[in-house]
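Nothing fancy with the numbering, it's 1 onward along the sequence.
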Amino acid sequence: MVRRALRTTCSLLLALACACLPDNPSVDTDATTTATGGTSGATTEPTGGAAEGLFSCAAPPCTVVIVSQTLDDRIDVFDVTADPYLRGRIATDLKPDPSGAQTMGNLLDEPYGLALDKTYFWAAIGHYPDTDRGSLLAFPRAGFTGVAAGGVFDESLYFQAGSFNAGVQSVSLERREAIFLLPHPSGRLLVGVFANDIRATDWTTPSELLVVDPADLQTLGSFDLGGLAMAPCKGGWKLEPLDATAQKIGVACDGSESVAVVSLPADFAAVTATEAAAGITACGLDLGGAGSWTTQFVAADGAGGMLAIQAQLIGAPRLWSIGSDCAPRGAPGSDLPPDLAMTRLLREPALVRPGGGGKDPMWLVASGIPEPGVVLVRGGASPTVCGALTGLDVLNTDDNAPWSLALDASRTHVAIGAGPASNPELAEGKGQVLWASLDLAALDSCQAAATDVIDLTTDAFLVSDPHTWVRAPNVLLVAELEGDG
């Protein structure tokens, strides 16, 4: 999903980390997923030898970082349990482009949102069969068992002559950019539909929320996010649960410079997908600044509300604290510390400390140009940028800027996806996926450090091999496996 300029002359890549944060609901499965000074080093095989199977775990718990390489038509799976290594890759180049560029016509298939449950690995494919009609693929987890460490689950193993096989199920979503996935504790899946052509200068089509039931994949429930009385949601992004049961879900709406909060019905899991969608209600809040801001990210605050981020290149970002009733808790914060005065394009946030017990929530937030890195945001009625994550010397800020973040369940480790800061579709594929421990001892003073930082993509890039390119590692999922997959 290549995005328009930030209403400026700067062309950047659209993407986000579609991952459940640690305070989000866990799925009843043998895999827990979270989504959303150090030393560098290459990924290596563990001393006991690399395990076979993308999602197998013979000696639990095992932790993997799953990455949608959204411009390179593949999904990478890294093991980060001990000594990190590449478990393997899932190839998703369904409309093959031998050049690997995926920039001609409709050849980009665009793997995007990810989810892992007890039975399936789910992947939203934004541009298959075409750019205006996406699909949802359900891969049986058992089908990946034989993938050798560092191997590839090739398209030929599950897709031939335009048909899916080997147990892989395809849900034809028949919508433009239906790419944001959220697994619900009931086992159902929610799909956020952006609904607009990302190449257009304005995003005016209302977004949509789909309800998918694994027991009946061909019957979709649909809720129109454009019907909100106060602020219809256009160009809606990631779905963010605001409570432990995922009954309240936040959405940032970039086309309308607004946010929405969706409320699922009490009988969501007991009725059909169509009936569940019919019972959804929602509210909206217009944040203002139409045409001059990007409003792409919200994140739960751990206390029922959310942080909403608005960004632009010509001034400081605006940070909002918003309740589940869509009411702002105060004026937006825009103050910046002197050493971060040039912070502009804030991207994916990750809740590193939930609010409560007399303490404000704290987030790590990916920061793009002109100040690439990861910043700390302190919550409150008017949230503010208050510091930066140190220890990221391995991050190549000359070429790359972070977009996506995802924490593990303990909030003591972070995955960071960083790609070319400008025109990634034309750039060399030298992006990075980092994995680091977090030292949060001084978090109250707005200080945090990344330690034991590993670049999972070190030494993997070959300019002649598109299968190694990393141009848009912008969707991350951290999965903690509790048993053999």
Side-chain angles (χ1 to χ4, degrees), residues 19 29-34 40-69 72-93 100 111 114 116-123 137 139-159 166-168 394 406 408 413 415-417 429 431-437 452-462 464-470 473 475-485:
T29 175
D30 58 352
T32 299
T33 58
T34 61
S40 64
T43 59
T44 61
E45 290 191 4
T47 54
E52 286 195 351
L54 292 183
F55 305 120
S56 298
C57 182
C62 302
T63 304
V64 295
V65 175
I66 311 171
V67 188
S68 271
Q69 301 289 359
D72 297 308
D73 280 353
R74 74 173 191 277
I75 298 165
D76 294 341
V77 182
F78 297 95
D79 191 298
V80 293
T81 308
D83 297 323
Y85 67 99
L86 177 66
R87 279 199 174 209
R89 290 169 165 155
I90 303 169
T92 61
D93 193 6
L114 307 172
L116 183 68
D117 64 26
K118 182 169 134 181
T119 306
Y120 292 108
F121 173 63
W122 303 85
L137 299 187
F139 294 87
R141 279 181 59 168
F144 298 117
T145 303
V147 178
V152 177
F153 189 76
D154 192 71
E155 298 95 345
S156 64
L157 298 176
Y158 67 92
F159 182 74
V168 176
V394 68
D408 69 352
H413 297 83
I416 303 171
Q432 297 171 283
V433 180
L434 307 183
W435 177 252
S437 300
D452 302 317
V453 184
I454 298 291
D455 183 349
L456 299 176
T457 57
T458 293
D459 298 329
F461 173 75
L462 290 173
S464 61
D465 184 2
H467 298 96
T468 69
W469 296 355
V470 178
V475 180
L476 301 176
L477 178 66
V478 177
E480 298 176 6
L481 310 174
E482 298 300 333
D484 188 65

Heavy-atom pair with the smallest gap, counting every atom of [X] and [Y]:
X: Val65; Y: Ala415; answer: CG1-CB, 4.1 Å
X: Pro473; Y: Val470; answer: CG-CG1, 3.7 Å
X: Gly100; Y: Asp72; answer: O-OD1, 4.5 Å
X: Ala166; Y: Leu157; answer: CB-O, 3.3 Å
X: Pro111; Y: Ile75; answer: CB-CG1, 4.1 Å
X: Thr81; Y: Pro61; answer: CG2-O, 3.7 Å

I want to check something: taking the side chain as every heavy atom from C-beta on, are [X] and [Y] in contact at a cut-off of under 4.5 Å?
X: Pro140; Y: Val168; answer: yes
X: Leu116; Y: Arg141; answer: yes
X: Leu456; Y: Val80; answer: yes
X: Trp435; Y: Val453; answer: no
X: Phe78; Y: Val67; answer: yes

**Item:** Under 3.5 Å side-chain donor-acceptor pair for Asp117 and Thr119
**Value:**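 Absent: no donor and acceptor within the cut-off.
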Just by distance, do the side chain of [X] and the backbone of [Y] share a donor-acceptor pair under 3.5 Å?
X: Asp79; Y: Arg87; result: no
X: Thr63; Y: Glu480; result: no
X: Trp469; Y: Leu462; result: yes
X: Glu155; Y: Asp93; result: yes

Mind checking what makes side-chain hydrogen bond (donor to acceptor under 3.5 Å, both in side chains) contact with [X], not counting sequence neighbours?
X: Ser464; result: none
X: Thr468; result: none
X: Gln432; result: Asn400, Asp455

**Message:** Please report the interatomic distance CG(Leu476) to CD1(Ile66), rounded to the nearest 0.5 Å.
**Reply:**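 That separation rounds to 10.0 Å.
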**Prompt:** In Å, rounded to the nearest 0.5 Å, how long is the span from CD1 of Ile90 to CG of Asp73?
**Reply:**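 The distance works out to 13.0 Å.
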**Item:** Check: Phe121 ring centroid to Phe55 ring centroid under 6.0 Å
**Value:**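 Under 6.0 Å, so yes.
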**Request:** Apply side-chain contact (heavy atoms from CB on, under 4.5 Å) to Leu434 and Val394, showing your working.
**Result:** CA-CA 9 Å; Leu434 307 183; Val394 68; 4.0 Å; yes
**Message:** Among residues at least two apart in sequence or on other chains, which ones pass ring-ring contact (aromatic ring centres under 6.0 Å, His included) with Tyr120?
**Reply:**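 If we apply the ring-ring contact (aromatic ring centres under 6.0 Å, His included) test to Tyr120, skipping adjacent residues, the hits are Trp122.
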**Prompt:** Sequence neighbours excluded, which residues qualify as ring-ring contact (aromatic ring centres under 6.0 Å, His included) partners of Phe139?
**Reply:**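 Here the qualifying residues are Phe144, Tyr158.
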**Request:** For Asp76, check salt bridge (Lys or Arg N to Asp or Glu O under 4.0 Å) against everything at least two apart and list the hits.
**Result:**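 With sequence neighbours excluded, Asp76 shows a salt bridge (Lys or Arg N to Asp or Glu O under 4.0 Å) to Arg74, Arg89, given in chain and number order.
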